[in-house]
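First up is the structure itself, then whatever we jot down about it.
Keep in mind it's a predicted model, so treat the numbers as computed, not measured.
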Amino acid sequence: MKRLAALSLLPLIAACAPTVAQTALETRQVTAPHNPILSDGADYTTDPAPLVVGDKFYILTGRDMAEPGVNDFIMPEWQMLETSDPKSGQWTHYPHFVKPNDVFKWATPGRAYAAQIVQGPDKKFYLYAPVMQQGSTNKDGFAIGVAVSDSPTGPWVDAHPSGPVISQSYPVANDIQNIDPTILVDEDQRIYLYWGTFGRLKGVELEADMVTFKGKPVDVNTLTGFFEAPWIFKRKGTYYMAYAGNKAGPDSECTEAVYYACIAYGTAKSPLGPWTYRGVMLDPVSSTTSHPGIVEYKGEWYIAYHNADAKNGGHFRRSVALDKFTWDDSVSPPAIELVETTKAPPPAPVPTRNLAPAARIVASNSPVPVQYWIKALNDGKVREAPLPPDTWGTWSPNNPKQQWVVYQWEQPLKFNGSRLYFWGDQPAGSGIGVAPPKAWHLEYWSDTDNKWTPISAQYPTATLNTFNEVAFPTVTTRCLRAVFDASTDGKSYAAVAAQEWEALYPKPVLVEAADTKLAASATCVPSE
């Protein structure tokens with residue numbers, strides 16, 4: 001009875017939240033001629049949650065603060081972007097919008113994960129925020145709190161000061177990580193909340209107080225490849241659920257590499273489903289994670305997402321971008337057409353000896369295991385602390401004695417050198433994990449002899465995390481093959497991995513990138 005009495009007071013607590021004096025928020029004016037919105041590397045924004053209030057267009061974002069080479073989500077606070085015209089590129093940036101422990105006294109500092117602000121039926125604004133619960137005894141300490149304000153820019157007051165509205169032990173025991181909340185206030189003023197990650201998605205209706213469960217949560221398991229980052233919205237009577245999907249494979253419409261995500265979506269006739277998968281609306285971006293936020297503004301539809309395209313950006317230094325998208329109303333339910341992303345104009349091409357970007361690729365382990373991405377070999381990027389899809393790799397339970405990779409060009413070209421940047425997690429001589437190869441060499445395809453011919457040269461001992469360079473007399477060929485003799489301890493063989501393989505022309509020239517979706521031929525057969 002005491003518990004019921006406490007719950008019955010929740011609407012009163014939310015509605016009568018005390019007024020809090022707000023210190024003026026720091027702001028700066030930003031001109032963003034292209035995506036990402038903040039591109040100078042001074043502030044990294046992530047997990048966008050757009051909100052439209054009258055003529056104002058807001059984007060709530062997190063803040064990435066991982067140092068270069070640190071593979072962790074260092075996210076201590078939320079930021080806000082505001083504009084009256086997203087097409088103008090003129091934004092007001094609130095760099096220090098709110099911190100978790102400033103609002104939720106039961107939360108630890110840091111871990112300000114993907115949050116969303118919605119306007120409730122009472123016209124107040126509600127911030128749904130995943131934070132880490134202080135002193136939690138749950139297996140996973142992430143929990144979702146709700147704060148309330150009279151304005152989208154605060155000040156914010158905890159709408160449920162006794163603690164989180166969702167955790168692994170409250171109000172219903174669960175075993176998921178309770179993050180990534182998304183909220184829909186329907187046309188009939190009923191409220192629906194979804195949340196979840198790592199392939200687990202839950203949804204529930206909320207009471208009018210915006211914090212109390214109304215009924216039991218439902219589990220959603222019909223959205224193909226769901227991984228995280230749900231976003232619910234409604235258009236013309238149909239409910240849509242966009243999300244980060246990671247169903248991976250060489251023939252996947254979503255992603256080749258499991259660490260990367262597309263934005264897929266499903267539809268339903270009612271806010272709690274059942275949900276039907278409909279397809280992909282945004283291809284993988286430059287960051288491994290992807291996170292959608294979708295709104296309509298003045299008759300046009302926008303998707304906010306993040307990528308790694310800002311200055312010195314990366315998988316843990318992400319930045320928010322914004323693009324319009326369109327609908328196909330000729331089908332039922334209306335389909336979301338694939339988003340055409342926009343970005344800064346590329347820099348003027350610079351002559352280079354490296355012709356690898358113009359090559360198609362195939363490897364002895366094609367199709368490459370889904371944790372790796374073969375096109376990483378010639379993307380021109382070497383990272384201090386790469387994630388698996390930033391490399392081509394061969395790891396398997398039973399690694400073979402030898403592996404190879406082939407580059408193929410559309411016409412014969414001259415080469416007199418090559419550079420390979422190996423990656424590994426084991427030292428030379430290991431028979432497990434990923435280690436530098438025991439030996440390596442190059443071969444070129446001879447159209448005259450119709451076979452691979454070894455290139456005679458002094459090959460350096462394979463060393464990790466640096467370019468291993470070799471020079472040789474000029475050869476003319478359509479195909480080069482790098483062959484790797486695996487590291488071994490005499491009992492088993494380690495895998496091989498490389499971040500980059502450069503094929504060097506005798507002098508710098510301008511290079512046009514090839515379509516890496518078309519594989520090379522293992523025997524240098526010309527493409528049709």
Side-chain angles (χ1 to χ4, degrees), residues 71 197-199 223-229 242-265 277-292 305-309 313-316 318 321 336 338-341 343 356-383 385-397 399 403-408 421-423 434 482 484 495-501 513-522 527:
N71 289 346
T197 187
F198 298 120
L223 293 173
T224 301
F226 173 82
F227 181 65
E228 63 181 358
Y243 59 93
N246 68 347
K247 182 181 180 181
D251 300 320
S252 171
E253 67 173 349
C254 178
T255 175
E256 292 181 45
V258 71
Y259 277 71
Y260 277 83
C262 67
I263 299 301
Y265 74 99
Y277 172 77
R278 297 298 180 185
V280 172
M281 66 174 295
L282 179 66
D283 288 330
V285 294
S286 51
S287 56
T288 51
T289 60
S290 197
H291 194 109
Y305 56 96
H306 61 227
N307 58 37
D309 292 350
H315 301 315
F316 300 90
R318 301 158 295 177
I336 301 173
L338 190 67
V339 176
E340 294 184 12
T341 58
K343 57 183 67 177
R360 295 184 285 119
I361 318 172
V362 71
S364 54
N365 66 331
S366 293
V368 173
V370 295
Q371 67 264 41
Y372 299 113
W373 213 331
I374 194 170
K375 70 180 184 180
L377 267 178
N378 65 345
D379 65 0
K381 298 177 181 178
V382 171
R383 297 173 173 86
L387 296 177
D390 297 327
T391 69
W392 163 74
T394 68
W395 187 90
S396 68
N399 297 307
Q403 300 272 18
W404 50 261
V405 179
V406 167
Y407 277 166
Q408 182 175 5
Y421 198 102
F422 293 108
W423 179 86
V434 182
F484 311 102
V496 177
Q499 285 201 60
E500 197 71 13
W501 173 26
D515 181 2
T516 55
K517 292 183 179 180
L518 181 63
S521 164
S527 61

Q | Glu228 side chain vs Phe198 backbone, donor-acceptor pair below 3.5 Å | A | no
Q: Look only at the side chain of His315 and the backbone of Thr288, and say whether a donor-acceptor pair between them is shorter than 3.5 Å.
A: yes
Q. Considering all heavy atoms of both residues, which atom of Asn399 and which atom of Thr394 are nearest to each other, and what is their separation?
A. OD1-O, 3.2 Å
Q: Of all the heavy-atom pairs spanning Arg360 and Ala519, show the shortest one and how long it is.
A: NH1-O, 2.5 Å
Q: Please find out if less than 6.0 Å separates the ring center of Tyr243 from that of Tyr265.
A: no
Q: Please assess Trp373 against Val368 for the test side-chain contact (heavy atoms from CB on, under 4.5 Å), listing each intermediate value before the final yes or no.
A: CA-CA 7 Å; Trp373 213 331; Val368 173; over 6 Å; no
(Q) Rounded to the nearest 0.5 Å, what separates atom SG in Cys254 from atom OH in Tyr260? (A) 13.0 Å
(Q) Going by salt bridge (Lys or Arg N to Asp or Glu O under 4.0 Å), name the residues that satisfy it together with Arg278, two or more places apart in sequence or in a different chain. (A) none
Q | Rounded distance [0.5 Å steps], OH in Tyr305 versus OG in Ser290 | A | 8.5 Å
(Q) For Trp404, is there any backbone N or O sitting under 3.5 Å from a side-chain donor or acceptor partner on Ser364? (A) yes
Q) Rounded to the nearest 0.5 Å, how far apart are CD of Gln499 and OH of Tyr421? A) 6.0 Å
Q: With rounding to the nearest 0.5 Å, note down the distance linking OG1 in Thr391 to NZ in Lys381.
A: 14.0 Å
Q. Any sub-3.5 Å donor-acceptor pair from Asp390's side-chain atoms to Arg383's backbone N or O?
A. no
Q) Could you give the distance from CZ (Arg318) to CG (Asn307), rounded to the nearest 0.5 Å? A) 10.5 Å
Q.
Could you walk me through whether Leu387 and Gln371 satisfy the side-chain contact (heavy atoms from CB on, under 4.5 Å) test, starting with their C-alpha distance in whole Å, then the side-chain angles of each, then the deciding distance to 0.1 Å, before giving a yes or no?
A. CA-CA 9 Å; Leu387 296 177; Gln371 67 264 41; over 6 Å; no
(Q) On a heavy-atom basis, which atom in Asn378 and which in Ala356 lie closest, and how many Å separate them? (A) ND2-O, 2.9 Å
Q. Which pair of non-hydrogen atoms, one from Glu500 and one from Ala376, has the smallest distance, and what is that distance?
A. OE1-O, 3.1 Å
Q: Mark yes or no for whether Gln408, through its side chain, and Ser521, through its backbone, hold a donor-acceptor pair below 3.5 Å.
A: yes
Q) Taking all non-hydrogen atoms of both residues, which atom of Ala229 and which atom of Pro292 are closest, and how far apart? A) O-CD, 3.4 Å
Q. Taking all non-hydrogen atoms of both residues, which atom of Ala264 and which atom of Tyr277 are closest, and how far apart?
A. CB-CE1, 3.8 Å
Q: May I ask you to check whether Phe484 and Trp392 place their ring centres under 6.0 Å from each other?
A: yes
(Q) So does Thr255 get a backbone contact from the side chain of Asn246, meaning a donor-acceptor N/O pair under 3.5 Å? (A) no
Q: Verify whether one side chain among Ser286 and Asp309 offers a donor that lies under 3.5 Å from an acceptor in the other.
A: yes
Q: Decide yes or no on side-chain contact (heavy atoms from CB on, under 4.5 Å) for Val258 and Phe227, but give the supporting numbers first.
A: CA-CA 10 Å; Val258 71; Phe227 181 65; over 6 Å; no
